[in-house]
Amino acid sequence: MNKKRVFALILSAVLCMSFMAGCGGSGKDQTSGTSAASTVSGSDTESKTEESKTEESKTESKDDKTSEVSETEKEPETSMHTLYVRDDDKCPEIKATFINNQTGATEDVVMTRTDEKDNYFVYTCEGDTDKYNMVQLHCGEEDTGIVAFNKFVSGWYMNSTELLPCPAGAEPNYSPVYETKVMKFEEEDKNIYIWKPADYDANSADKYATIYMLDGQTVLSTEISGNVRSWNVAESVENMMAATDNKAILVCIDTLERRDEDLIPDIGTPVPGYKLSGERRGGLFADFVANTLMPYIQENYNVYTDKLHNSIAGSSFGGLEAFYIGMEYPDKFGTIGSFSCSAGVFDQNVWEKYLSTKTYDENLPFLYMYSGSFAMDTGYVDEIMYNYLLSKSGYPKDKIVFSKDEEGDHKEEYWRNTYPEFLEAMFTQKVSALQSGVPVAYKNRTIPQSDMEIFEDSDEESYVDDRPESIKNYVFYDNSETKWENVYAYWFGSGAFPTNKVTGAVYYNDWPGTKMEQIEGTDIYRVEAPLNVTTIIFDSGITDPEVIKGVIAYQTVDLPYTDKACSGKVYKIDMSVAPKKGSGVEKTKFRYKEGSWSEVDPEVAGA
């Protein structure tokens, strides 16, 4: 749950204001299976050489299929593509809403049930990939998340309201097999998780592209992250390979241990509000990826070495570092995938100085940027950064595109849902339904009032708290109506080490958090207040493995938190508003959205 800090909205105001002033079906689709080197102009000599060798090998090995290929090549290209969905809940009818998140255009289509099995239904329909880049499904009153729609998607597996990548006709499988390599970075061990397709051929003349993923602990498998959420990038690549002739391996770099050091470029001083720990090692980390890890992969795996078959991607701090790595090494990477980029770490002076040192020509990587909502993801700053790159820096307009989900949150499931767009961008240097080089503008630019009330006037350093210690040193929860057997508090955010307000010790807690103490004779629970966090969740203490097994769990949504606003206060859920049921593997988890903070009764707190 590496969620961005909401109060960065305020701390990044200078950045925003300054930049605004300068901003004006089941078979393979042969038409989309073109390699990156053949679709992008300006390929370097090595790219052409490798592609030529590959094509010669293909010709020699496929002589007996010449007539079949010739017939395929004669077929006219079409932008229509089959949306394939396997539904284990056997919904009686599914409607698909195709969406263009750039123009706002939509189209509703009732899907056709094309197969019925004892344990699932199959639904299909056609959509135009030149018009729409996203799709959402509706079963009765239930809506799924919004996911990518393009020719790099073979199919989706619909589990409750969750859509997971799954090739058409295949059995859902979300336990990817990968190997772990340990490499030295700055005298420390760094885990590298390498995934190869099941039919990977180390000796084939037909090589594989390489996708380097930051935050490798969350992108590949829930077994690594220990959470119920993953990007499912391996399944998305399998999906792509089932739909096109493109092939790739994944190199996923674990950055959990010193994330706010390795994934923050050393290009200047971060804004004070982030309170980042340690030193900035983004430059050293970029050098490690480009000059240590990449040569190792290219020497030991059957992969292309030209830039167009190599990409770098990440989210949040990882999206920031991916952007930085691509800009620092444009001769090594052909595509950058920057998801929910935390550009607000630096102010406008730092960015302007850094960006002014770059050469803006066709040698730059294709830049795919994605962000969720304006306020609850990084849309508020990514919009500014993207438009600045277009209007001020002069990033080539045919090499930059922005995709957005105005309701999207800062979580893995949203990055997973849009990941196939990044795959299309890598292999075709475009997103079919989106126009490249067009300024982006969010429609909903509202900062939630509840968050503003928490974070406005929250200068922690100048705040003097003269309340009794039994009040100011604790956070309280009212369990009189929820009646949970146990109450836990989980916190995160800010990038700095969470500390215990009472003891001053490091105060990390793993999900479901720290068990709260019940105040004798009351339904009020308390826990020693954390410092240096931006978000808190109250929950019933059920672990993720228990949820996966079907145990019922309750929790609040992510609640904005500062010491000034929340310590000494009691939180109570509004039970008149029903909780929202989770989806997929979280279908037994219920989240309460409504509630309020109030002053704790001094007598209850023992003051």
Side-chain angles (χ1 to χ4, degrees), residues 1-7 161 227-229 372-373 375-377 407 409-414 447-455 458 474-494 498 507-519 522-530 533-544 546-547 551-583 585-600:
M1 291 191 179
N2 294 313
K3 189 176 177 70
K4 77 176 184 66
R5 301 170 63 253
V6 181
F7 69 84
T161 58
N227 203 330
V228 296
R229 284 284 170 260
S373 78
M376 294 310 294
D377 196 5
E407 302 301 321
D409 212 334
H410 198 79
K411 294 180 179 178
E412 289 88 352
E413 62 192 275
Y414 293 94
I447 300 173
Q449 187 59 35
S450 60
D451 296 343
M452 289 302 296
E453 290 172 354
I454 289 292
F455 288 109
S458 58
Y474 293 87
V475 178
F476 301 85
Y477 176 82
D478 187 336
N479 194 36
S480 60
E481 294 188 24
T482 45
K483 301 293 185 183
W484 296 339
E485 183 176 348
N486 295 295
V487 180
Y488 283 69
Y490 174 79
W491 48 78
F492 57 94
S494 92
Y507 208 18
Y508 279 119
N509 62 0
D510 295 322
W511 183 261
T514 301
K515 188 174 182 179
M516 300 183 72
E517 170 194 8
Q518 183 176 9
I519 299 177
T522 74
D523 289 313
I524 304 299
Y525 288 67
R526 72 176 188 175
V527 68
E528 291 172 343
V533 304
T534 61
T535 307
I536 194 167
I537 296 172
F538 297 102
D539 66 89
S540 57
I542 305 301
T543 66
D544 284 339
E546 289 175 312
V547 170
V551 178
I552 303 296
Y554 297 98
Q555 67 172 77
T556 64
V557 295
D558 298 359
L559 303 173
Y561 180 94
T562 69
D563 179 56
K564 179 180 177 181
C566 303
S567 65
K569 302 286 181 66
V570 58
Y571 188 82
K572 185 177 183 181
I573 289 174
D574 182 353
M575 296 291 286
S576 68
V577 181
K580 183 178 180 180
K581 180 181 178 181
S583 61
V585 293
E586 286 191 319
K587 60 186 176 183
T588 60
K589 180 176 284 191
F590 295 83
R591 291 178 173 85
Y592 287 94
K593 183 179 180 181
E594 299 298 330
S596 59
W597 294 92
S598 62
E599 298 291 340
V600 67

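Every heavy atom of this structure was used, including side-chain atoms; hydrogens, water molecules and symmetry mates were not.
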Calculate, to the nearest 0.5 Å, the distance between atoms [atom1] and [atom2] belonging to [X] and [Y] respectively.
X      : Y      : atom1 : atom2 : value
Asn486 : Asn479 : CG    : CG    : 9.5 Å
Ser480 : Lys572 : OG    : NZ    : 4.0 Å
Asp574 : Tyr592 : CG    : OH    : 10.5 Å
Asp539 : Thr482 : CG    : OG1   : 11.0 Å

Between [X] and [Y], is there a donor-acceptor pair closer than 3.5 Å when you use the side chain of the first and the backbone of the second?
X      : Y      : answer
Asn509 : Ala489 : yes
Ser567 : Ala529 : no
Lys569 : Ala565 : yes

Assess whether ring-ring contact (aromatic ring centres under 6.0 Å, His included) is satisfied between Tyr571 and Phe476, documenting all intermediate values. CA-CA 6 Å; Tyr571 188 82; Phe476 301 85; over 10 Å; no

Just one of Leu559, Thr535, Val527, Val475 clears the side-chain contact (heavy atoms from CB on, under 4.5 Å) bar with Trp491, so which one?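 Filter result, single survivor: Val527.
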
Should [X] and [Y] count as side-chain neighbours, where that means a heavy-atom distance under 4.5 Å?
X      : Y      : result
Asp409 : Tyr414 : yes
Tyr490 : Thr514 : no
Val570 : Ile524 : yes
Ile537 : Asp558 : yes
Glu594 : Ile573 : no
Trp511 : Asp544 : yes
Ile542 : Val547 : yes
Glu528 : Tyr507 : yes

If I compare all heavy atoms of [X] with all of [Y], which pair ends up nearest, and what's the gap?
X      : Y      : result
Tyr525 : Glu485 : OH-O, 4.4 Å
Lys581 : Lys587 : CE-O, 3.0 Å
Tyr561 : Asp563 : CE2-N, 3.9 Å
Cys566 : Pro560 : SG-O, 3.9 Å

I would like to know whether Lys589 and Gln555 meet side-chain contact (heavy atoms from CB on, under 4.5 Å); could you show each step before the answer? CA-CA 8 Å; Lys589 180 176 284 191; Gln555 67 172 77; 3.3 Å; yes

Sub-6.0 Å ring centroid separation between Tyr477 and Trp484: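 Yes, ring centres under 6.0 Å apart.
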
Salt bridge check: are Lys411 and Asp377 linked by an N-O gap of less than 4.0 Å?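 So Lys411 does not pair with Asp377 through a salt bridge.
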
Would Tyr488 and Met516 satisfy side-chain contact (heavy atoms from CB on, under 4.5 Å), going step by step from the backbone distance to the final call? CA-CA 5 Å; Tyr488 283 69; Met516 300 183 72; 5.6 Å; no

